Amino acid sequence: MRALWPDEMVTAERLNESPLTYRGLKWVERRLLRKAASVVSLTQAAVDHLVEIYPEIPRDRYEVITTCVDVERFTGTRGDGSPRPLAERSPFTVGTMGTLPSGWFYLDAFFSFFLALKRHRADARASIVTRDDHDQVLAAARAAGVNPADVDIASATPDEMPIRLAKMDVGVMFYAPDIGRAPTRLGEFLAAGVPVVGNTGIGDLARLIERYQVGVVVEDARAGEELDAAARALLERYDGIVTSGVCRHAAEDYFSVEQGAKRYASIYRRLVSVDNGSDG
């Protein structure tokens, strides 16, 4: 399960929660979960929710395997690999990537955080890598009070992404609430050694940021005071995060595609073993 899809559609205001369509989709969801031999969820938060709303389905049917990253693709993207302290980072680049004007990503909050950080670092610049309409993104920057001259926006191929990410000093992920979502960009930022800022209510995002101490979490991504506090906290903790290597460690420990593949293989072996046993 990539997410709790019917609920995600409601959150993004692409589906109304009351009509028959939503109830029908939830009926299908429940039926699929009941009939599945095993269910893989991207987040532990989603598993906890599913166990609560579908109590007849045993918890041990669920496995959590998050969105994985080919960590080795990001090796060596920082030159000699030695971390640069905050004092040596100028301009200070606030970055994000992927699909932005979708209803799920809070683009306005990203620009608000950028402005909050720029109040503490006048040299701050925004870096956005997306295949969305660049004019639409720049229009959102203007609407938020950001000077478009402070925004670098580009598209990139998968091969170019490690270099693009390595040039960012912090990765920002502000989303509409969705406990089933596991943003791929989190693992990619961390694999590139980039600290992150995110909000609560997005799968395991906040829990992972706090568990590995790789950045800052905000409760409300649209609260100006919280964003200002997050900007100050990030700058205060920055050198400790980048010099300790915790970002790369988190990527290798939790987001590695090799570890994800091993866990999928384990599920398949278990299911095949059960089938063979019943047939015998």
Side-chain angles (χ1 to χ4, degrees), residues 69 73-74 76-79 81 83-102 104-175 183-199 205 209 214-216 218 221 227-228 230-235 237-239 241-242 247-248 251:
V69 174
R73 289 185 59 231
F74 298 86
T77 56
R78 287 185 175 273
R84 292 182 296 123
L86 189 61
E88 296 179 11
R89 294 174 182 263
S90 185
F92 189 87
T93 304
V94 181
T96 196
M97 60 174 171
T99 302
L100 302 177
S102 61
W104 291 299
F105 187 83
Y106 286 163
L107 186 56
D108 58 338
F110 168 80
F111 285 124
S112 294
F113 176 77
F114 169 72
L115 290 173
L117 197 142
K118 195 170 179 65
R119 286 192 286 272
H120 301 278
R121 286 285 302 244
D123 64 337
R125 292 189 61 81
S127 176
I128 300 172
V129 182
T130 184
R131 294 185 179 180
D132 294 326
D133 185 313
H134 291 184
D135 290 338
Q136 184 180 359
V137 175
L138 290 174
R142 293 188 191 92
V146 174
N147 184 345
D150 287 333
V151 181
D152 298 318
I153 183 168
S155 302
T157 67
D159 288 341
E160 294 169 334
M161 285 306 299
I163 299 297
R164 292 277 185 183
L165 293 187
K167 293 179 179 178
M168 297 179 185
D169 296 305
V170 60
V172 179
M173 290 162 289
F174 292 145
Y175 289 94
T184 305
R185 67 190 79 179
L186 173 59
E188 293 176 335
F189 278 128
L190 297 178
V194 179
V196 293
V197 176
N199 58 311
L205 176 67
I209 292 174
V214 292
V216 178
V218 300
L227 295 180
D228 188 68
R232 284 186 279 107
L234 175 72
L235 295 175
R237 303 172 192 172
Y238 197 84
D239 284 352
I241 295 173
V242 297
C247 295
R248 181 72 183 187

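Computed over heavy atoms, backbone and side chain alike; hydrogens, waters and symmetry mates excluded. In this chain, numbering begins with 1 at the start of the sequence shown. No experiment lies behind these values; they were computed from the predicted model shown.
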Please report the closest heavy-atom contact between [X] and [Y], naming both atoms and the distance.
X: Leu227; Y: Ala221; result: CD1-O, 3.4 Å
X: Gly198; Y: Ile209; result: N-CD1, 3.9 Å
X: Ala192; Y: Ala166; result: CB-N, 4.4 Å
X: Val242; Y: Pro195; result: CG1-CG, 3.7 Å
X: Ala191; Y: Val69; result: CB-CG1, 4.4 Å
X: Ala230; Y: Val218; result: CB-CG1, 3.5 Å

Subject >> Pair listing, salt bridge (Lys or Arg N to Asp or Glu O under 4.0 Å) test, anchored in residues 128-149, at least two apart >> reply: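 Counting only pairs at least two positions apart or across chains, no salt bridge (Lys or Arg N to Asp or Glu O under 4.0 Å) contact touches residues 128-149.
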
Distance (rounded to the nearest 0.5 Å) between [X] [atom1] and [Y] [atom2]:
X: Leu165; Y: Arg73; atom1: CG; atom2: CZ; answer: 9.0 Å
X: Ile128; Y: Leu138; atom1: CD1; atom2: CG; answer: 7.5 Å
X: Leu186; Y: Met173; atom1: CG; atom2: CE; answer: 4.5 Å
X: Tyr238; Y: Arg89; atom1: OH; atom2: CZ; answer: 3.5 Å
X: Arg237; Y: Leu86; atom1: CZ; atom2: CG; answer: 14.0 Å
X: Arg121; Y: Asp169; atom1: CZ; atom2: CG; answer: 8.0 Å

Taking side chain as C-beta onward, heavy atoms only, is [X] less than 4.5 Å from [Y]?
X: His134; Y: Ser155; value: yes
X: Val194; Y: Cys247; value: no
X: Asp152; Y: Lys167; value: no
X: Val129; Y: Glu160; value: no

For residues 93-101, tabulate all N or O donor-acceptor pairs below 3.5 Å that involve a side-chain atom, not counting sequence neighbours.
residue	atom	partner	partner atom	Å
Thr96	OG1	Val172	O	2.9
Thr96	OG1	Arg185	NH1	3.3

Who are the salt bridge (charged side-chain N to carboxylate O under 4.0 Å, His left out) partners of [X], not counting sequence neighbours?
X: Arg164; answer: none
X: Arg232; answer: Asp228
X: Asp239; answer: none

Side-chain atoms of residues 105-114: list all donor-acceptor pairs with protein atoms under 3.5 Å, sequence neighbours left out, distances to 0.1 Å.
residue	atom	partner	partner atom	Å
Asp108	OD1	Arg222	NE	3.4
Asp108	OD1	Arg222	NH2	3.3
Asp108	OD2	Arg222	NE	3.1
Asp108	OD2	Arg222	NH2	3.4
Ser112	OG	Asp108	O	3.0

**OP:** Would you check if the side chain of Arg125 reaches a backbone N or O of Ala149 as a donor-acceptor pair within less than 3.5 Å?
**Re:**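 A pair under 3.5 Å: yes.
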
